[in-house]
Student: 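Quick one: this structure, given as structure tokens, is what I'll be asking you about.
Here the structure is a predicted model, which means the values were calculated and not measured. The figures that follow rest on heavy atoms only: side chains count, while hydrogens, waters and symmetry mates do not.
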Number of protein chains: 2
Amino acid sequence: MPPPANTARNVGINDVAARAGVSPGTVSNVLNRPERVAEATRLRVEEAIRELDYVRNSSGRSLRAGRSDSVGLLVLDVTNPFFTMVAQGVEDQAAEAGRTVMLLNSSEDPERQRRSLRLLAEQRAAGAVVMPVDDDVTDLLWLRERGIPWVVLDRGDVGADVGSSVYVDNHAGGLAAGRHLISLGHERITFLSGPLSLEQCRVRLAGLRAALDENGFDSENGVRVIETGSLTAASGDKAAEEVLAGGPRRRPQAVFCANDQLALGLLKGLGERGLGAPADLSVVGYDDIDVAALVHPGLTTVAQPKYEIGRAAMRLLAAELDDPGGHRYERLLFEPRLVVRGSTAAYREP
Amino acid sequence: MPPPANTARNVGINDVAARAGVSPGTVSNVLNRPERVAEATRLRVEEAIRELDYVRNSSGRSLRAGRSDSVGLLVLDVTNPFFTMVAQGVEDQAAEAGRTVMLLNSSEDPERQRRSLRLLAEQRAAGAVVMPVDDDVTDLLWLRERGIPWVVLDRGDVGADVGSSVYVDNHAGGLAAGRHLISLGHERITFLSGPLSLEQCRVRLAGLRAALDENGFDSENGVRVIETGSLTAASGDKAAEEVLAGGPRRRPQAVFCANDQLALGLLKGLGERGLGAPADLSVVGYDDIDVAALVHPGLTTVAQPKYEIGRAAMRLLAAELDDPGGHRYERLLFEPRLVVRGSTAAYREP
DNA sequence: CATCGCTATTGACACGTTTCAATCAAGCTG
DNA sequence: CAGCTTGATTGAAACGTGTCAATAGCGATG
């Protein structure tokens with residue numbers, strides 16, 4: 001079946017004006033400042049709009065305005081549940097402010113991030129919420145020079161002097177996880193990390209070490225760090241082998257994972273080798289994605305207010321957009337929260 | 001710290017032209033058909049572009065063209081891993097075709113879907129990949145009348161005469177799940193459904209019934225259907241109570257869930273009541289999202305080629321965009337695949 | 001009645017592109 | 001050398017808006 005020929009000419013503001021017997025300027029006013037136009041004409045114009053099924057053209061709109069009214073959201077990985085929750089928050093908040101969100105993802109690749117930011121520049125986006133892939137802000141500064149403001153999300157090391165940011169205290173999260181494990185009697189702890197180029201990983205590790213320090217353990221040599229290529233379940237699964245290296249006597253008593261997906265993958269890898277948490281070792285994750293509560297045993301993890309930080313970031317951005325000039329950069333800090341489930345337990349001699 | 005004043009005037013194609021000592025038309029040619037312009041001038045223009053750090057304005061571009069060059073992707077729920085995988089496929093394919101994707105989600109709400117489609121009309125999007133929330137195509141037809149073509153994804157009942165579509169055979173999926181359960185000796189089967197307004201749910205159920213039929217069971221009264229409000233883990237969890245109603249002798253021998261999230265939620269609910277799969281009853285999911293392989297026991301499920309159907313949908317759309325007029329609507333059918341894991345086992349008397 | 005003040009409306013212009021017919025330069029043919 | 005062809009470049013027009021100074025209408029004031 002062939003598609004219908006695209007015959008319908010696009011009706012514009014001029015056609016509406018002609019139909020309503022009024023000037024284009026008046027139609028524009030009806031659309032944008034209805035209070036300025038007399039009720040009678042307003043009704044007549046609205047009638048014409050309905051009759052012609054007029055839909056306004058946002059290209060012309062944003063060309064004239066010099067900027068679009070939609071904002072970009074740049075995430076590290078669309079398939080990661082943590083980010084989709086954040087995205088949900090951003091989107092809901094944007095919807096309330098009458099803005100549309102364009103979702104882009106960098107796949108943790110600096111080059112793709114660069115391309116995405118360039119795209120936002122081409123679109124003359126109103127602003128952006130960005131989760132940077134590294135601590136290099138040159139591209140971000142370039143964007144701001146072009147008049148496109150942004151808010152940085154989930155990155156503590158991107159200078160607060162160049163933009164607003166929303167951040168969850170990763171150090172506190174690592175600390176909480178460490179204290180929890182120590183209180184259970186574990187002292188031989190492995191940190192299963194994603195790429196150490198991600199600040200999140202580094203700081204969570206630092207938090208863990210701080211917990212060891214305050215308890216008089218050797219935080220430098222005491223914790224073993226395994227760096228994987230990405231924050232995915234596949235990486236965690238694959239890392240199981242390395243985690244267990246050294247045999248029953250030397251293997252870690254507990255593993256703290258940089259995120260839940262790594263932890264879930266690790267649990268699977270352990271299971272395939274006949275081991276399980278918490279019986280053979282304790283496992284802690286990070287993020288508290290939905291499935292953490294669904295697996296058996298439940299995954300002990302450090303919860304982040306995912307949805308809320310999404311909302312907060314968008315709120316900050318909207319504030320900056322509504323009040324250019326007078327606006328000051330802000331830095332919002334959220335606290336993580338330890339959620340204890342079944343994957344951790346007191347240490348028992350093997 | 002205050003943001004810098006937005007002083008930098010936006011440089012346009014005219015500034016570049018002036019700088020390179022050439023007409024605006026030539027600059028445009030350098031950008032769009034470099035082969036038409038002499039090498040010497042081309043280099044001069046490119047130099048000017050670099051010096052002025054010119055970034056082209058896509059508003060002007062699409063105003064002139066009458067259409068934008070980005071496509072919309074409308075999904076039912078961004079936080080559902082199934083959809084994010086599909087989105088990944090759409091996005092990758094679009095990137096290869098040099099198009100950008102704008103992600104929208106309807107949250108399974110017809111009103112939000114309507115608003116999203118209207119938004120695409122305002123943006124004069126090049127096209128759209130849509131997962132419709134119901135079988136009402138009036139809004140979709142309206143969109144096409146306005147010159148915006150679309151491809152329907154994951155919906156078998158949206159008339160093939162009005163547009164291309166990509167579909168995974170849900171009936172075959174339900175059938176496969178049913179046969180598997182029957183071969184294990186189960187005959188008292190419950191179908192844990194999402195909203196029955198979703199065609200996916202209805203057809204998977206029909207497939208299950210067909211499996212019962214072909215084995216001489218009473219497919220009409222034999223299968224109990226529990227309809228939940230949404231395809232989420234929370235719904236599955238909550239439904240556990242109802243699933244178990246009737247006590248050990250009357251409770252189902254197996255539960256076939258409309259998707260994996262329902263299944264995972266159900267497994268959790270069962271666990272909290274001291275029951276487990278496959279010991280007390282078998283559980284089958286649908287979709288094969290990543291975590292299905294991570295839980296313990298692994299979730300038996302019907303796998304869909306998520307990433308591939310995303311790519312296929314975008315490919316179909318691109319074909320229609322590149323060849324308006326000569327194009328015929330196409331319907332691509334994919335086959336699901338049963339993945340047997342640990343959550344199903346042969347029936348044993350309680 | 002002339003003037004003022006107010007509101008409602010108009011009309012023209014600018015935003016940044018792309019396109020296309022027209023022009024220009026230069027090389028080639030007869 | 002005149003005429004032709006080819007290839008490179010130009011200039012103007014158009015896309016659909018929003019803005020803003022100017023105008024028109026009209027009742028009230030002096």
Student: Return the CD to OG distance between Glu111(B) and Ser106(B), rounded to the nearest 0.5 Å.
Tutor: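 One gets 11.5 Å once the value is rounded to the nearest 0.5 Å.
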Student: Less than 4.5 Å apart, side chain to side chain, heavy atoms only: is that true for Ser165(A) and Val158(A)?
Tutor: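 SC-SC contact between Ser165(A) and Val158(A) ruled out.
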Student: Separation of Glu39(A) atom CD from dT9(C) atom P, in whole Å?
Tutor: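 About 11 Å, once rounded to whole Å.
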Student: Can you tell me the distance, in whole Å, between the CG atom of Asn32(B) and the P atom of dT17(C)?
Tutor: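 Atom-to-atom, Asn32(B) to dT17(C), this comes out as 10 Å.
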Student: Taking only residues at least two apart or on different chains, which pairs with a member in residues 82-96 of chain B satisfy salt bridge (charged side-chain N to carboxylate O under 4.0 Å, His left out)?
Tutor: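 Output for this query lists Glu96(B)-Arg311(B).
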Student: Quantified as the angle between the terminal helix axes (five pairs each), what is the overall bend of the helix from dC1(C)-dG30(D) to dG30(C)-dC1(D) to 10 degrees?
Tutor: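 Rounded value for the end-axis angle: 60°.
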Student: Report the residues that fulfil side chain to side chain contact (heavy atoms under 4.5 Å, CB included) with Glu199(B), sequence neighbours left out, ordered by chain and then residue number.
Tutor: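 Partners of Glu199(B) under the side chain to side chain contact (heavy atoms under 4.5 Å, CB included) test: Arg155(B), Asp157(B), Tyr167(B), Arg202(B), Val203(B).
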Student: Would you please say whether a donor-acceptor pair under 3.5 Å links the side chains of Gln113(B) and Asp139(B)?
Tutor: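 Side-chain D/A pair, Gln113(B) to Asp139(B): absent.
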Student: Please give, in whole Å, the distance from dA8(C) P to Arg33(A) CZ?
Tutor: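 Roughly 13 Å, once rounded to whole Å.
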Student: Whole angstrom is fine here: how far is it from CG in Asp15(B) over to C1' in dT17(C)?
Tutor: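 The distance from CG of Asp15(B) to C1' of dT17(C) comes to 13 Å, rounded to the nearest Å.
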Student: Measure the CD-CG distance between Glu47(A) and Leu52(A) for me, rounded to the nearest 0.5 Å.
Tutor: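 The CD atom of Glu47(A) sits 10.0 Å away from the CG atom of Leu52(A).
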Student: Nearest 0.5 Å, please: how far is CG in Asn32(B) from CZ in Arg56(B)?
Tutor: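 CG of Asn32(B) is found 5.5 Å from CZ of Arg56(B).
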Student: Nearest-Å distance, CG (Asp69(B)) to P (dT17(C))?
Tutor: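 About 14 Å, once rounded to whole Å.
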Student: How long is the straight-line distance from CD of Glu108(B) back to CG of Asp77(B), given to the nearest 0.5 Å?
Tutor: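 If I round to the nearest 0.5 Å, the distance is 6.5 Å.
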Student: Heavy-atom contacts under 4.0 Å between residues 48-64 of chain A and DNA chain C, which residues?
Tutor: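 Of all residues in residues 48-64 of chain A, the ones placing a heavy atom under 4.0 Å from DNA chain C are Leu63(A), Arg64(A).
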Student: Kindly write out the residues that satisfy side chain to side chain contact (heavy atoms under 4.5 Å, CB included) with Asn57(B), not counting sequence neighbours, or none if the list is empty.
Tutor: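 Only Leu63(A), Arg124(A), Ser59(B) meet the side chain to side chain contact (heavy atoms under 4.5 Å, CB included) criterion with Asn57(B).
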Student: Is there a side-chain contact between Arg124(B) and the phosphate of dG16(D), meaning an N or O under 4.0 Å from OP1 or OP2?
Tutor: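 False: Arg124(B) side-chain N/O out of range (4.0 Å or more) of dG16(D) OP1/OP2.
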Student: Taking only nitrogen or oxygen atoms into account, show me every contact under 3.5 Å that the protein makes with nucleotides 5-10 of chain D, one pair per line with its distance.
Tutor:
from, atom 1, to, atom 2, distance (Å)
dT9(D), OP1, Thr41(B), OG1, 2.8
dT9(D), OP2, Ala38(B), N, 3.0
dT9(D), OP2, Thr41(B), OG1, 3.2
dT10(D), OP2, Ser23(B), N, 2.9
dT10(D), OP2, Ser23(B), OG, 3.4
dT10(D), OP2, Thr26(B), OG1, 2.7

Student: Do Phe83(A) and Leu76(A) come within less than 4.5 Å of each other through their side chains, counting heavy atoms only?
Tutor: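 Of all side-chain heavy-atom pairs linking Leu76(A) with Phe83(A), at least one is under 4.5 Å.
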Student: Do Asn105(B) and Ser107(B) have side-chain atoms, one donor and one acceptor, less than 3.5 Å apart?
Tutor: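 Present: a donor and an acceptor within the cut-off.
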